[in-house]
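Only a predicted model underlies this, so the values are computations on that prediction, with no experimental measurement involved.
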Amino acid sequence: MFNVEEWIEENIQWIKEQTYENIQVILVDDISTDRTVEIVQSKIQGDNRFKLIINQKKKYKARNVVEAIDAAIPDDEDVIVIVDGDDRLSHKDVLKHVAEVYQQENCWMTYGSYENSQGDRGRNCRPYQADVINNNSYRKSKWLASHLKTFRYELWKKLNMDIFKISDRDVRLALTRTIFTMQFRSWYHWKDIKAEDLHDQSGNFIRRIDDKAFSYPMLEISGDKARFIDEILYIFHTERAPYNGPDKNYGENKSEKWHTRLIRHVLAHKKPYKRVEKL
């Protein structure tokens with residue numbers, strides 16, 4: 001969460017009202033300067049399913065996701081559900097529906113369908129085609145692994161946390177590709193970016209596009225064990241459709257837009273993970 005006072009109360013209320021109640025909720029505040037923390041503390045008081053972590057330094061989304069999962073101390077069969085602070089679940093049976101899909105399909109992860117706050121369905125809410133799955137070519141295909149994103153903790157454990165890092169070599173290769181493909185505008189905006197500019201203070205976590213960083217390898221590992229859920233389970237509270245522009249929390253630093261595009265490009269060209277038969 002970062003400065004989400006307008007939406008966080010509704011976000012938490014929809015989680016609290018879920019008919020599937022066997023949940024643990026980790027909320028992470030990333031140095032909000034508005035009333036976010038105050039609202040959260042009031043809203044979760046007396047409900048021991050909720051735990052609030054208040055960062056003392058800026059960590060950005062990727063690191064917050066990793067550390068929130070660690071803080072949950074999950075079992076292998078537990079299912080992790082990602083909900084942004086300024087969005088919400090779509091109805092009271094969302095988690096019940098997800099649990100039923102895992103039980104009936106024996107899947108390892110799910111992705112799905114969302115609406116914006118005006119009730120418009122996301123235009124890319126559809127499953128990956130069989131040829132993409134069979135050829136393990138997710139990184140070369142249109143991005144479809146949207147919210148609601150869920151996955152088994154056991155699948156998460158298969159990932160090397162280097163997925164959240166970009167090297168100087170990665171940046172150099174990206175620049176070379178822009179020249180060969182005549183993407184000179186990208187080259188111009190990327191030529192002065194260093195790998196360290198794309199990470200948090202620790203240098204171990206990219207600051208944005210965390211969902212692609214972990215979803216690509218999860219899809220590659222899972223193959224047909226990844227399930228698309230057609231039912232709308234998630235509501236975006238922003239006019240901007242996800243994945244089609246700069247991150248909504250970038251603030252005033254316009255160069256972040258080009259940082260995001262560079263990260264997205266590098267992730268799409270990383271070596272795919274190999275599929276496994278069992279976790």
Side-chain angles (χ1 to χ4, degrees), residues 1-4 28-33 55-69 82 84-87 124 138-147 149 159-219 236-272:
M1 308 173 292
F2 173 71
N3 286 355
V4 292
V28 183
D29 182 75
D30 202 27
I31 318 295
S32 290
T33 57
N55 289 345
Q56 300 303 308
K57 61 181 178 181
K58 193 73 175 176
K59 296 184 178 180
Y60 302 95
K61 190 173 180 182
R63 185 174 176 183
N64 282 322
V65 168
V66 172
E67 293 187 356
I69 292 173
I82 305 292
D84 291 340
D86 52 355
D87 301 322
N124 292 324
Y138 300 97
R139 297 178 195 257
K140 298 179 181 179
S141 306
K142 178 179 282 293
W143 176 252
L144 302 177
S146 186
H147 282 296
K149 300 181 182 72
L159 307 182
N160 187 317
M161 290 297 103
D162 281 350
I163 59 173
F164 295 107
K165 295 178 69 173
I166 287 176
S167 68
D168 288 323
R169 181 176 182 272
D170 291 328
V171 174
R172 289 195 301 270
L173 289 174
L175 289 171
T176 300
R177 281 189 292 266
T178 61
I179 294 173
F180 278 110
T181 57
M182 301 181 67
Q183 300 178 54
F184 299 122
R185 187 163 179 252
S186 294
W187 178 89
Y188 175 79
H189 286 284
W190 293 351
K191 62 183 177 62
D192 296 321
I193 298 176
K194 298 179 181 179
E196 64 185 44
D197 300 329
L198 306 175
H199 297 79
D200 72 339
Q201 293 179 2
S202 74
N204 294 320
F205 298 92
I206 50 176
R207 292 162 62 174
R208 302 290 185 240
I209 320 298
D210 66 294
D211 54 345
K212 288 190 176 183
F214 65 74
S215 292
Y216 276 140
M218 283 186 174
L219 288 163
F236 280 96
H237 272 310
T238 55
E239 296 293 334
R240 180 191 64 79
Y243 318 119
N244 294 321
D247 189 284
K248 54 195 168 191
N249 289 332
Y250 270 127
E252 299 178 358
N253 188 351
K254 294 180 181 179
S255 68
E256 293 282 8
K257 173 177 70 174
W258 292 100
H259 288 193
T260 298
R261 292 178 180 179
L262 176 54
I263 293 172
R264 184 182 294 120
H265 177 93
V266 169
L267 293 177
H269 288 84
K270 279 183 173 285
K271 183 179 179 180

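Proximity of a side-chain donor or acceptor of Asp87 to a complementary backbone N or O of Asp84 within less than 3.5 Å is not detected. Formation of a donor-acceptor pair under 3.5 Å by the Asp29 side chain with backbone atoms of Ser32 is found in this model.
Arg207 contributes atom CZ, which lies 10.5 Å from atom NE2 of His199 (distance to the nearest 0.5 angstrom). Put simply, CD1 on Ile209 and OG on Ser215 are 11.5 Å apart, with the number rounded to the nearest 0.5 Å. Taking CG of Leu144 as the start and CG of Asn124 as the end, the distance is 6.0 Å to the nearest 0.5 Å. A distance of 11.0 Å separates OH of Tyr138 from CH2 of Trp143, quoted to the nearest 0.5 Å. The CE atom of Met218 sits 4.5 Å away from the CG atom of Leu159 when rounded to the nearest 0.5 Å. Atom OG of Ser146 and atom CZ of Phe236 lie 5.0 Å apart (nearest 0.5 Å).
Checked against the 6.0 Å centroid threshold, Trp190 and His259 do not count as a close aromatic pair.
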Please tabulate, one pair per line, all N/O donor-acceptor pairs under 3.5 Å involving side-chain atoms of residues 167-176, not counting sequence neighbours.
| residue | atom | partner | partner atom | Å |
| --- | --- | --- | --- | --- |
| Ser167 | OG | Arg169 | N | 3.4 |
| Ser167 | OG | Asp170 | N | 3.0 |
| Ser167 | OG | Asp170 | OD2 | 3.1 |
| Asp168 | OD1 | Ala195 | N | 3.3 |
| Asp170 | OD2 | Ser167 | N | 2.9 |
| Thr176 | OG1 | Arg172 | O | 3.0 |

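For Ile179, the side-chain contact (heavy atoms from CB on, under 4.5 Å) partners two or more places apart in sequence, or in a different chain, are Trp187. Legend: residues meeting side-chain contact (heavy atoms from CB on, under 4.5 Å) with Asp192, ordered by chain and number and at least two apart, are absent. Applying the side-chain contact (heavy atoms from CB on, under 4.5 Å) rule to Ser202 yields the partners Arg63, Asp200, Asn204, Phe205; only residues at least two apart in sequence or on another chain are considered. For Lys59, the salt bridge (Lys or Arg N to Asp or Glu O under 4.0 Å) criterion is met by Glu67, not counting sequence neighbours. The salt bridge (Lys or Arg N to Asp or Glu O under 4.0 Å) check on Glu196 picks up nothing, with sequence neighbours excluded.
Asn55 and Asn64 share a side-chain donor-acceptor pair at under 3.5 Å. Side-chain contact check for His189 and Arg261: no donor-acceptor pair (N or O, by modelled atom type) lies under 3.5 Å.
Using a 4.5 Å heavy-atom threshold, the side chains of His269 and Arg139 count as separate. With contacts defined as side-chain heavy-atom distances shorter than 4.5 Å, the pair Lys149/Asp211 qualifies.
When each of Asp86, Asp30, Thr33 is tested with Asn3 by the rule side chain to side chain contact (heavy atoms under 4.5 Å, CB included), just one qualifies, namely Thr33.
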Applying salt bridge (Lys or Arg N to Asp or Glu O under 4.0 Å) to Glu256 and Arg208, what does each step give before you reach the verdict? CA-CA 9 Å; Glu256 293 282 8; Arg208 302 290 185 240; 5.4 Å; no

Under the criterion side chain to side chain contact (heavy atoms under 4.5 Å, CB included), I'd like the reasoning laid out for Arg177 against Gln183: C-alpha separation, chi angles, the key distance, then a yes or no. CA-CA 8 Å; Arg177 281 189 292 266; Gln183 300 178 54; over 6 Å; no

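Nearest heavy-atom pair across Ala213 and Ile206 is CB-CD1, 4.1 Å. Taking both residues in full, the closest heavy atoms of Lys212 and Pro217 are given as O-CD, 4.1 Å, listed atom of the first, atom of the second, then distance. Taking all atoms of both residues into account, the shortest heavy-atom contact from Thr178 to Ser186 is CG2-CB, 4.1 Å. Residues Ile193 and Leu262 share a closest heavy-atom pair of CG2-CD2, 3.8 Å. Contact detail for Val66 and Phe164: the closest heavy-atom pair is CG2-CE1, 3.6 Å.
Figure legend: cation-pi geometry between Lys61 and Phe2 absent, as NZ or CZ is not positioned both under 6.0 Å from the six-membered ring centre and within 45° of its axis. Under the 6.0 Å distance and 45° angle rule, Lys191 counts as a cation-pi partner of Tyr188. Judged by the 6.0 Å distance and 45° axis criteria, Lys58 is positioned over the aromatic ring of Tyr60.
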